[in-house]
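Here's the structure we're looking at; comments come further down.
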Amino acid sequence: MSFTAPIIDIGDAIDAAAARQAIRESEERFRTLASHAPVGIYLTDPSGDCLFVNKTWCRMTGLTPEEARGKGWVKAVHPDDRERVAAEWYDAALRRRPFAGEYRYLRPDGVVTWLQASAVEYQSAEGKIAGHIGSVVDITARKQAEFALKEAKEQAEAANRSKDRFLAVLSHELRTPLTPVLMSVAARLMDPDLSPDLRDELTMIRRNVELETKLIDDLLDLSRITSGKLALRPQVVDLNDAVRHVCSICRDQILEKSIKLRCELDANAGEVTADPARLQQVLWNVLKNAAKFTPDGGQIELMTRRQEGDRVSIRVADTGAGIAPEMLPRVFDAFEQGDPRVSREFGGLGLGLAITKSLVELHQGAIRVQSDGPGRGCVFTIEFPARPAPVAHAKPRSPDAKANRLRLLIVEDHADTAMVLRKLLSASGYHVKTAACAASAMQMIEQEPFDLLISDIGLPDWNGYELMKRIRAAHAIRGIAMSGFGMDEDIRKSREAGFADHLVKPVNVAQLHDVIRRVSAAPVV
Ligand code: ADP
């Protein structure tokens with residue numbers, strides 16, 4: 001019997017010992033690194049079950065390494081995130097995909113920490129999957145800052161919404177009583193036998209009520225512009241027609257001061273794409289300022305010009321108060337009036353030009369001002385993109401006798417407004433009936449024919465939208481909404497209910513006549 005001693009290659013043995021030593025050192029390095037790292041570190045087996053966690057992980061979670069082992073680590077996750085995170089983790093391990101996520105730990109002492117976790121698989125020396133190595137970073141401070149920011153944003157948005165609603169309600173309440181005043185005054189002023197004194201007084205009352213309305217409108221417009229809620233209703237508009245119309249609106253103010261108005265309208269000015277009401281507001285603001293700041297006997301020059309490159313311009317030059325050089329860059333700022341004497345003498349809030357500039361820019365236009373200084377007049381120039389090929393469109397129908405035989409039903413619970421509207425429209429030849437609530441309006445419509453409904457929105461029983469919807473369901477009657485609420489949302493609701501137009505109180509008589517004519521001439525859809 002012979003024994004053969006195993007042959008050990010000394011060289012191999014030394015290599016193996018060196019390799020074991022190297023592994024030990026490497027593991028030691030990893031442990032030192034892991035236990036001093038400021039982030040939580042964990043190792044798992046290939047299935048995703050925990051093999052090792054470092055000290056930081058234990059501090060973050062309040063669990064011991066033994067408690068974390070296997071599936072124990074799941075207990076560290078906040079109950080609200082636990083199921084989702086465990087499912088995502090084991091799914092990533094199964095599919096051998098990297099894992100990343102943000103979730104919460106709930107420590108046994110009740111402290112909640114937000115963390116960002118990520119893990120990748122690591123392989124053995126033979127290239128087989130050995131498990132996963134992951135890290136968790138405490139992001140509680142960042143999350144708290146994000147939540148605080150989100151909360152502050154939500155609070156600011158809610159405050160903004162309440163402010164918008166408050167402004168809308170306030171303007172409604174302020175406008176409603178102005179309507180009967182404006183309309184009565186307008187009706188009285190139509191009387192040719194009025195004594196000059198009374199005419200002057202009524203004109204003064206009308207001017208002041210209109211001023212009040214303008215202030216309310218300006219505040220509302222400014223709020224819509226700053227909140228980005230001003231929506232345009234663009235149409236094709238003939239620029240010269242728009243300028244002529246604004247001249248006719250300002251005529252009295254200009255005549256009163258014996259100002260000479262010279263208009264030079266370029267026959268090729270053509271058309272622009274604009275919201276007609278907003279374009280009128282822009283031109284009116286500038287022309288009315290020119291009239292306001294030009295002394296008696298002065299001159300205003302109004303010019304339209306087709307420019308190179310398909311732009312069109314409107315130039316309003318006056319020989320009035322002029323603007324000091326230091327004020328020039330600020331005239332388009334909100335609440336800016338330059339000299340405080342201006343507000344005392346002329347009133348206003350200094351919003352007109354700020355709103356004008358925003359409206360012009362919303363139309364892709366530009367506005368600028370020049371002045372050689374106080375007492376030397378000023379020139380406002382407004383430019384808009386012109387429509388390349390003017391399209392002929394039908395002129396609005398002129399009023400005819402037939403239109404005045406229209407049968408109108410006014411639904412208005414504000415007794416003074418209803419009374420003045422009835423008087424005024426009857427005087428213009430319309431057949432007018434009034435109802436103080438939606439139910440009695442509905443009853444009247446069942447009993448006699450009407451062509452047009454003019455209805456308030458806030459009514460004691462159903463609102464005006466509901467009334468219009470019910471009428472449209474059974475009758476071919478067009479409707480005009482008349483409301484103290486004039487936000488875009490209110491106008492949209494009116495359209496949806498079936499109203500052909502939406503007038504904001506206080507309604508000016510000429511505007512009401514225009515809208516009645518336009519709406520009654522359009523086919524019922
Ligand atoms: P408001 O809305 O109060 O009328 P605006 O914004 O329209 O104010 O105008 C702001 C200021 O710009 C006026 O208070 C006035 O100082 C100056 N301004 C505007 N237009 C003219 C003008 N044509 N001539 C002289 N100053 C003007």
Side-chain angles (χ1 to χ4, degrees), residues 167 171 174 207-226 230 243 246-247 249-263 277-304 313-363 365-383:
L167 274 176
S171 76
L174 292 174
R207 198 173 46 244
N208 280 286
V209 176
E210 281 173 351
L211 201 65
E212 181 94 39
T213 316
K214 170 85 172 68
L215 292 181
I216 300 170
D217 286 347
D218 278 1
L219 281 173
L220 258 183
D221 274 352
L222 191 75
S223 137
R224 285 188 198 130
I225 288 169
T226 49
L230 193 127
V243 170
V246 171
C247 286
I249 298 174
C250 293
R251 216 192 56 194
D252 287 353
Q253 193 186 357
I254 291 170
L255 282 179
E256 228 167 67
K257 294 174 85 175
S258 312
I259 294 172
K260 198 165 150 233
L261 176 66
R262 203 170 70 83
C263 283
R278 296 304 184 179
L279 176 63
Q280 175 177 319
Q281 186 178 354
V282 163
L283 300 176
W284 179 70
N285 264 341
V286 175
L287 188 57
K288 146 207 95 166
N289 272 351
K292 182 157 100 175
F293 293 107
T294 300
D296 290 10
Q299 186 172 322
I300 299 176
E301 252 181 31
L302 220 165
M303 248 185 237
T304 57
S313 69
I314 307 119
R315 185 175 180 276
V316 181
D318 65 60
T319 58
I323 299 175
E326 64 277 11
M327 168 66 184
L328 269 182
R330 302 201 311 265
V331 281
F332 297 109
D333 293 349
F335 301 106
E336 191 56 74
Q337 288 193 308
D339 190 335
R341 277 170 300 182
V342 171
S343 28
R344 250 175 286 135
E345 190 179 342
F346 297 103
L349 288 176
L351 294 179
L353 287 179
I355 294 168
T356 299
K357 183 167 191 280
S358 302
L359 289 175
V360 168
E361 286 169 357
L362 277 175
H363 284 88
I367 180 166
R368 55 182 189 274
V369 58
Q370 291 158 270
S371 173
D372 289 338
R376 309 186 66 178
C378 54
V379 182
F380 281 86
T381 311
I382 307 167
E383 270 185 23

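When a ligand or atom number is given, it counts from 1 through the structure's own listing order.
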Exercise: do Ser258 and Asp296 side chains pair donor with acceptor under 3.5 Å
no
Please indicate whether any nitrogen or oxygen in Met327 is less than 3.5 Å from any nitrogen or oxygen in ligand 1.
no
Closest non-hydrogen contact found for Ala317 with Val379 is CB-CG2, 3.9 Å
At the 4.0 Å heavy-atom cut-off, does Leu351 count as touching ligand 1?
yes
Tell me which part of Val286 gets within contact of ligand 1: side chain, backbone, both or neither, using heavy atoms under 4.0 Å.
neither
Closest contact, heavy atoms only, Ile259 versus Ala291
CD1-O, 3.7 Å
Is it true that Ala290 lies under 4.0 Å from ligand 1, counting heavy atoms only?
yes
Looking at ligand 1, would Phe332 count as a contact under a 4.0 Å heavy-atom criterion?
no
Within the structure, does Gly352 bring an N/O atom to less than 3.5 angstrom of an N/O atom in ligand 1?
yes
Any pair counted as side-chain hydrogen bond (donor to acceptor under 3.5 Å, both in side chains), so long as it reaches residues 314-324, sequence neighbours left out
none
Looking at every heavy atom in both Lys292 and Lys257, which two are closest together, and how far apart are they?
O-NZ, 3.1 Å
Proximal candidate to atom 20 (N) of ligand 1 [heavy atom criterion; set Asn289, Ile323, Asp333, Thr294]:
Asn289
